[in-house]
Undergrad: 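Sharing a structure, written as structure tokens. Questions coming.
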There are 2 protein chains.
Amino acid sequence: MSVNRKNYHHGDLKPALIAAGLDLLEETGLESLSLRAIAARVGVSHTAPKNHFDGLRGLLTAIAAEGFRRHAAEMRHGVEDHPPGKPRLQAACDGYLRFALAHPELFRLMFSKTLCNHDDPALRAAASGSYEVLRGIAAGLDWDKADAPGAPQRTEWMLWSIVHGYAMLLIEGQIPRAPDGSAPFPASGVVPDFGYRADLAE
Amino acid sequence: MSVNRKNYHHGDLKPALIAAGLDLLEETGLESLSLRAIAARVGVSHTAPKNHFDGLRGLLTAIAAEGFRRHAAEMRHGVEDHPPGKPRLQAACDGYLRFALAHPELFRLMFSKTLCNHDDPALRAAASGSYEVLRGIAAGLDWDKADAPGAPQRTEWMLWSIVHGYAMLLIEGQIPRAPDGSAPFPASGVVPDFGYRADLAE
DNA sequence: CGCAAAAATTTACATTGGAAATATGAAGGG
DNA sequence: CCCTTCATATTTCCAATGTAAATTTTTGCG
């Protein structure tokens with residue numbers, strides 16, 4: 001099977017559609033991301049995706065999965081340069097926010113139950129990979145509820161909630177941004193100063 | 001002008017459309033909330049709303065504004081029964097989350113820049129009213145960054161981010177919920193234990 | 001070579017939001 | 001009381017969208 005032929009069969013349509021969707025997401029935004037627009041950009045008819053995805057929702061789900069992979073990569077980026085505890089936490093939170101602000105439309109898609117199917121195995125796996133970064137870093141963080149029942153999940157969710165909420169409120173224009181689009185505080189500026197306890201770490 | 005007549009002129013269409021939209025939001029969800037469905041429920045043609053709202057987006061914006069008013073009321077509910085500081089903070093956060101979980105579709109709409117127009121004066125006013133509740137309560141909260149530059153805005157945003165993020169992650173199914181739909185922890189369970197300093201309060 | 005299956009196209013259709021032209025009725029002035 | 005005016009609502013029409021069904025083209029295998 002030859003790749004990228006101009007003729008009837010595209011040859012590599014599935015990844016091409018995902019890539020086109022990601023591009024269109026950056027260029028024209030989420031609301032105008034239609035099945036027909038994505039197909040047109042690849043140069044196929046608007047019903048061609050049906051052979052590879054379960055409708056528009058299926059395609060959006062695949063795009064979101066790729067988003068989660070990049071999201072995880074952005075969080076991991078630079079994390080290993082810092083020692084465990086607060087510095088590493090800051091790096092991951094900054095990565096989380098950096099991704100959200102750089103790709104707001106994709107970020108919105110990724111977390112939209114309406115637009116994509118979070119029961120899809122591939123999406124679940126990708127999203128878990130992203131969550132694992134935060135989870136690994138949350139292990140060892142000490143705060144006033146670190147010994148209460150439900151820790152360490154409570155710590156993970158507390159941390160996730162703060163970074164995610166900050167990203168969302170910024171993206172949706174609820175918290176004002178600087179003219180250059182940057183947040184008023186870095187992600188680490190709204191995260192409380194956790195302590196670090198080796199006995200809590202993994 | 002008589003109200004609620006069955007004939008050509010409805011007489012009170014504007015609030016009727018908002019009410020119908022709020023009902024449909026609970027019954028059928030956000031994705032199926034079409035201009036035509038709302039108009040049909042009121043018993044008018046699908047172009048009738050044009051005389052009162054600027055398209056679907058305008059109607060959704062008005063619905064969101066009403067949502068913010070109810071949201072603020074839910075947060076205020078029970079707040080005055082508690083003394084300032086941590087107890088009052090808990091009551092407000094619980095109200096924030098209670099509203100979000102009880103009306104997830106409306107909550108999503110309220111915070112969607114795509115679906116509603118946050119430049120609309122009425123929506124701005126309603127949203128500000130909601131934010132003011134949190135702001136008033138955040139004043140006086142002491143934490144490790146309460147004396148850093150940018151406080152008290154930083155405190156407000158930190159608090160808002162945590163509660164909003166927790167609500168969003170629950171609504172979107174990222175953080176699992178109990179079979180009865182309740183959150184694994186109350187809102188106050190993921191909010192750090194702030195201190196209270198009278199000199200920071202309003 | 002021939003045939004079955006995969007992949008893509010064409011065609012058709014129901015829904016949607018919006019624009020334009022038209023109809024209706026309420027309100028106020030003579 | 002009538003008649004004009006204007007807000008309000010309707011009808012009709014249109015472009016865009018997602019989906020389904022039938023059809024065509026290509027691939028790959030026996």
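What you see below is based on every heavy atom in this structure, not just the backbone, and it leaves out hydrogens, waters and symmetry mates. Chain identifiers are assigned alphabetically (A, B, ...) following the order of the sequence lines, protein sequences preceding nucleic acid strands; residue numbering begins at 1 within each chain. Keep in mind the model is a prediction, meaning the values are calculated, not measured.
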Undergrad: Quick check: are there more than 12 heavy atoms from other residues, nucleotides or ligands sitting under 6.0 Å from CG of B:Asn51?
TA: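 Yes - once you tally the heavy atoms of other residues, nucleotides and ligands closer than 6.0 Å, there are more than 12.
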
Undergrad: In sequence, state the C-alpha distance, the side-chain angles, and the governing distance for B:Trp160 and B:Tyr96, and then conclude on side-chain hydrogen bond (donor to acceptor under 3.5 Å, both in side chains).
TA: CA-CA 10 Å; B:Trp160 193 12; B:Tyr96 196 109; 3.0 Å; yes

Undergrad: For A:Asp54 and D:dA20, what is the distance between atoms CG and C1' respectively, to the nearest whole Å?
TA: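 Those two atoms, CG and C1', are 13 Å apart.
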
Undergrad: With a cut-off of less than 4.0 Å, is there a side-chain N or O of B:His46 near OP1 or OP2 of D:dT10?
TA: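 No.
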
Undergrad: What's the CZ-C1' distance between B:Phe53 and C:dG17, to the nearest Å?
TA: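 Spelled out: CZ on B:Phe53 to C1' on C:dG17 is 16 Å.
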
Undergrad: Name every residue in residues 13-25 of chain A that has at least one heavy atom under 4.0 Å from any atom of DNA chain D, in order of residue number, or write none if there are no such residues.
TA: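 Per residue number, the list is empty: none.
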
Undergrad: Please report the distance, rounded to the nearest Å, between CD in B:Glu31 and C1' in D:dG18.
TA: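 Nearest whole value for this atom pair: 15 Å.
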
Undergrad: Does any N or O donor sit under 3.5 Å from an N or O acceptor when you compare the side chain of B:Asn51 with the base of D:dA7?
TA: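 For B:Asn51, whose side chain was compared with the base of D:dA7, there is no donor-acceptor pair (under 3.5 Å).
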
Undergrad: Please give, in whole Å, the distance from D:dT27 P to A:Asp12 CG?
TA: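 It is 14 Å, rounded to the nearest whole Å.
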
Undergrad: I want to check one thing: is the phosphate of D:dA9, taken as OP1 and OP2, less than 4.0 Å away from some side-chain N or O of B:His52?
TA: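 Affirmative; the distance criterion is met.
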
Undergrad: Test B:Glu26 against B:His103 for side-chain hydrogen bond (donor to acceptor under 3.5 Å, both in side chains), laying out the working first.
TA: CA-CA 7 Å; B:Glu26 309 276 332; B:His103 313 285; 2.9 Å; yes

Undergrad: Between A:Lys50 and D:dA20, is there a side-chain N or O to OP1/OP2 distance below 4.0 Å?
TA: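 Checking A:Lys50 against D:dA20: at least one side-chain N or O falls below 4.0 Å of OP1 or OP2.
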
Undergrad: Look at the side chain of A:Thr47 against the base of C:dT10 and say whether a donor-acceptor pair falls under 3.5 Å; ignore hydrogens and angles.
TA: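 Indeed there is one.
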
Undergrad: By the 4.0 Å heavy-atom rule, please label A:Ser45 as base, sugar-phosphate, or nothing.
TA: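 Answer is base: heavy atoms of A:Ser45 come under 4.0 Å of a base.
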
Undergrad: What's the CG-P distance between B:Leu56 and D:dA16, to the nearest Å?
TA: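 Answer to the nearest Å: 18 Å.
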
Undergrad: Grab the CD1-P distance between A:Ile38 and D:dA16 for me, whole Å please.
TA: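 Distance, rounded to whole Å: 17 Å.
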
Undergrad: How close or far is atom P of D:dT17 from atom CG of A:Leu59, stated in whole angstroms?
TA: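 Rounded to whole Å, this separation is 14 Å.
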
Undergrad: If I take atom CZ in residue B:Arg36 and atom P in nucleotide D:dT17, what distance separates them, rounded to the nearest angstrom?
TA: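 Value for this atom pair: 16 Å.
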
Undergrad: Count the heavy atoms of every other residue, nucleotide or ligand shown that sit under 6.0 Å from NE2 of B:His118, and state whether that count exceeds 12.
TA: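 More than 12 within 6.0 Å, yes.
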
Undergrad: Test B:His164 against every option in B:Tyr131, B:Phe99, B:Phe107, B:Trp157 by the ring-ring contact (aromatic ring centres under 6.0 Å, His included) rule and name the one that passes.
TA: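 Testing each of B:Tyr131, B:Phe99, B:Phe107, B:Trp157 against B:His164, the sole residue satisfying ring-ring contact (aromatic ring centres under 6.0 Å, His included) is B:Phe107.
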
Undergrad: Assess whether a salt bridge exists between A:Glu27 and A:Arg41, defined as any Lys/Arg side-chain N lying under 4.0 Å from an Asp/Glu carboxylate O.
TA: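 Judged by the 4.0 Å cut-off on N to carboxylate O distance, A:Glu27 and A:Arg41 do form a salt bridge.
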
Undergrad: Under 6.0 Å from the ring centre and within 45 degrees of the ring axis: does the NZ or CZ of B:Lys14 meet both conditions for the six-membered ring of B:Phe53?
TA: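 That pair qualifies as a cation-pi contact.
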
